[in-house]
Amino acid sequence: MTGPAREDKGFFMQTRQTRRNFMKRNLIQSIIIALLVAATGLVSAPVTAKAGTAPLVSTEWLAGNLGAPGMVIIDVRTAANYDFGHLPGAVSMPYSGWEPYNRKTRCQMMPSVADLTATLRSLGVNRSSHVIVYDAGNTALDATQGGAAVWILESMGQGNVSYLDGGFTKWTFEGRPIDKIKPAPKAGDFTAKLDPSKVATLKDIIANLKTKEAIFLDDRRAVEHFGIEKRPDVVRYGHIPGSLNFPADFMTNAGINRGPATIRSKKELEAMAEGVGLPMDKNRKIIVYCNSAQQAGMGYFVLRDIMGYRNVQAYDGSMLEYAQDKKLPLVRFAWGFVTE
Amino acid sequence: MNTYKVRLAALFAAVILIAGASAAAAAGMQKLVSVDWLARNLKAPNVVVLDVGAFTQYERGHIPGAVKAFGPWQTMNGEFVGFMMPKVKDLVRMLRSYGVNNNSHVILYDEGVTAQDTAKSARALWTLEALGHDKVAILDGGFAAWKQAKKSVSGEPVVPSPGNFRGRLIKSKLATMNEVKKALRSPGVVFVDDRLPEEDFGHEKKSYIKRFGHLPGSRLWPADFMTNAGIEFSPSFMRDMSELHQMAKGVGIPADKNAEIITYSNRGLQAAMGYFVLHDLLGYKNVKLFDGSILEAAADRSVPMKTNGWGYKRKM
Amino acid sequence: MRGRDTYGVDKDYVDSVHGKVGCINCHKGKNVSDKDKAHEGLVKDPSEEDGGGVCRQCHSDITSTYKNAMHYNLTGIKDIVGTIISPHKMQDTLLPAAWKLDCANCHASCGSCHVAWPKVAEGGLLNRHRFEKNPPMEKTCYACHGSRFAGEYMGLLGPSPDVHYEKYQMVCTDCHKGSELHHTMPEGVKRYYATVTPRCEQCHPDAVAGRSEVAMHNAHKKNELACTVCHATEYFNCTNCHVSLDVKEAGNIKVIFPSDPLETFKIGRNIDRSPGNPYAYNLVRHTPMKKDSLASLRYFQAVLTGKPGPKDLISNYDALPTWNSASIHTIQLKTRQNSSCNACHGHKDLFLTKQDLEPGDPKANLKVIVNKIPPRIRK
């Protein structure tokens, strides 16, 4: 909290009058801040689309706010699934369009600023829109698609975005309405602008191998992190030296013993962050990666938007890019966190 | 800087390879036999081949001369805890019915398709070693490797003449629940979780297990990681010694071969793989199998279990 | 997992009785060298139609009963659905389509057990097209009866396997003969109360009360207790693996997401005694259904057909219980509850009682609960 230059004199040097004024202003400021903090505490149950963007919205909330002015609902499932039935008013942008294959780099990278601008404008996204993203919500993999879409939107300047917790599965399980109507929105005025503080490049990775300033976080499954399995188009096995492993699969409730892919509670996420070795200091720099940035995008969303880590980048090229250069180090047959 | 590190790593790996190879020559070779070795030694004196795979497979084809040895190698004990080591007298009776003598060289094999299959042979091997019988080995790659090598297969059931096997329990091979409770309080004992990473982390659990998570401080070395099963359709061959050495280091097993190690899993099957690799292949002298494993530990609320984290994590 | 034959045909099959019939006589198609012309009219599963397809020509004794058998068209299960939605008819809802897509996947033609893997296990030949009179249970029975039977039997789902598997290496068909699998389900009989099932007494005649050497057997009346009441261990229920909707009030639907599967042991009354299941008390499994379990079908019906389905689809909810007679395949000689008389007597938790029921459960459950627990035995 910044105050006027007078503060530099020291509290006790001030005259009684100035001290009273100072305290009064500080009091007002602290009340405002307290209110803001309290408001963020209520972030999980926002009242309207405009009153501060909640990173996560519930199906119950959305059901009561369908068609709110300025709202754009984006369905990232396949076109076939969308055609069969989707949330009322939702527009379709299948995930394959969010991380298209880039022939030059032989990886999946986010679209160019120009392409994303054009696509989102055609879906009716405005600068002022509140975008709600949803995926199939059935498996952990489904959730990574929605989560990564949120990361891409935030990285491209659309900060007013929320993720529908539980996606299409939870929505239909609860008997909520779906339809087949394809909206024809008016072209929006959104303009994409890349924010490098949210997206790491290969240069950033190589630099960090030397400086070790950021913590590398591998969001793939443990079998891939350890180097037993790999995606067929990833050239080599293993993880970036020093990485911690926090599988994106663990971040949702999907799996054998659980239900649709709702994001796990903040309390559980904090416990897991500690359990994988992440620091509790939310200012520590973290670079998340996976194979194509899909799981890492979700990792970004969970770490930054839900858990409050302030300094998170997802590495767009991820392993598809990194493993191609045989000179870059990879560790195989070891957990990243073992100290010996 | 990278190439220097790479060269150093290569030198290190070479040293381990040599050390591993000699360890293999000393201990590993005897405990893991190849298809070719078995094919040459099927009729060798005192060789007894036991098929510990699913009994329906035996009827359809087995290694010539192999005895159907389905078990039970694990059974419910007097306290109604399942999958425990059967009573010594029951095991002795069973092994005699399989034709096992005191001087038998017992070769165990399973279906050989998945690491879980190999774990069955590992459990039978541990049982024999825990009864004091060390002349036992596993057929590398199991029946899948035998068939892949186009060796002959028989459908004739084998009825062996009864053996004279005598055995007694070697207590140092088996960790009881009470011993585990004590060991959890002593810093020197290394616990190894041989289950899947999701189970160790506490994200998933088998439905018959009462609680999520792992025993505090465990290393994680999934039994599935120890074989080549499924990689380009390979049968379940054990990984190379150099890879196993590398993994032992990478999961945090201490270099000291006298370290006290207790392996565990859900029901003691994958734990036997951990035992087999650590003791019989890598030469760790002091390895115990926690018989009740998580099935027993999770049901006992006084046993601490940790979830939402890896057992052995680095402090940032 | 590799190891699945797809379409290889072994030479010795061609020389076998069935092989000599010739491919075209069963699979149709034409005997010409042009591939597309040869495949015209090809029938993938010639045994599918009307209880046996081409198999009827030689095996009519079996196919004549099989066409109304539970394995063929799920008679015995359709009855259950038909009963609880009465007076609605299945044709007025999306149920026939859902039935075809999901339920009927476990439908088995002759070929799906005797030649190939069942459809629900994605097909493929069992053994190079050889006809197996007694196919391996892992490749047939387990494919559909996976978790609750195969899993229980092998000990993957409870504290121990079944002793018949563990010690005696018996397979499904050692008890469940072809005559049982191929027989016609009588009209109106529900799946849990099948009329032809193996009974323990068939192999264990000396276990029958009054004739037994075991005092505990004689202490109970004949046909009072199913054998599994004393000889089975804890087992699974459907609850909590499958999502259920909890209708709090109109418009307020609470979704109950899966958590850990519910492992229980509950003795209940047998409400539909039959020759195959004559006992007064048997073990029951929770087969849950809420009145609103099929609510989403209404919305899907609206979207797909333009007309929403009936509002109160499960209108006859009270007719059938949600705790049903269960054949538990975790048999052991010694169990916790048979270790002494008082290990069972007086133990309320072993019995299904009013406390186990939930508000909103069907009224039929009241017929299943045990009202008077057998009291502790005092010497």
Q. Excluding sequence neighbours, so at least two apart, what forms side-chain contact (heavy atoms from CB on, under 4.5 Å) with B:Thr307?
A. B:Phe212
**Q.** Donor-acceptor pair, side chain of B:Trp310 and main chain of A:Asn245, under 3.5 angstrom
**A.** yes
Q. How long is the gap from CD on B:Glu204 to CG on A:Asp249, to the nearest 0.5 Å?
A. 8.5 Å
(Q) For a side chain to side chain contact (heavy atoms under 4.5 Å, CB included) check, start with the C-alpha distance between A:Trp335 and B:Arg219, then their side-chain angles and the critical distance, and finish with the verdict. (A) CA-CA 10 Å; A:Trp335 300 116; B:Arg219 275 51 161 181; over 6 Å; no
Q. Between B:Leu196 and chain A, which part of the residue has a heavy atom less than 4.5 Å away: side chain, backbone, both or neither?
A. neither
Q: Hey, could you give me the CD1/CG distance between A:Ile228 and B:Asp224, rounded to the nearest 0.5 Å?
A: 9.0 Å
(Q) Could you check whether atom CZ of A:Arg231 has more than 12 heavy atoms from other residues, nucleotides or ligands sitting under 6.0 Å from it? (A) yes
Q.
With a 4.5 Å cut-off on side-chain heavy atoms, are B:Arg239 and A:Phe333 touching?
A. yes
(Q) Quick check on A:Val223 against chain B: is it the side chain, the backbone, both or neither that has a heavy atom closer than 4.5 Å? (A) both
(Q) Nearest 0.5 Å, please: how far is CZ in A:Arg264 from NE2 in B:His203? (A) 6.0 Å
Q) Considering residues at least two apart in sequence or located in another chain, which fulfil the side-chain hydrogen bond (donor to acceptor under 3.5 Å, both in side chains) criterion with A:Asn283? A) A:Arg310
Q.
Once rounded to the nearest 0.5 Å, what's the spacing between atom CD of A:Glu270 and atom CG of B:Asn308?
A. 11.5 Å
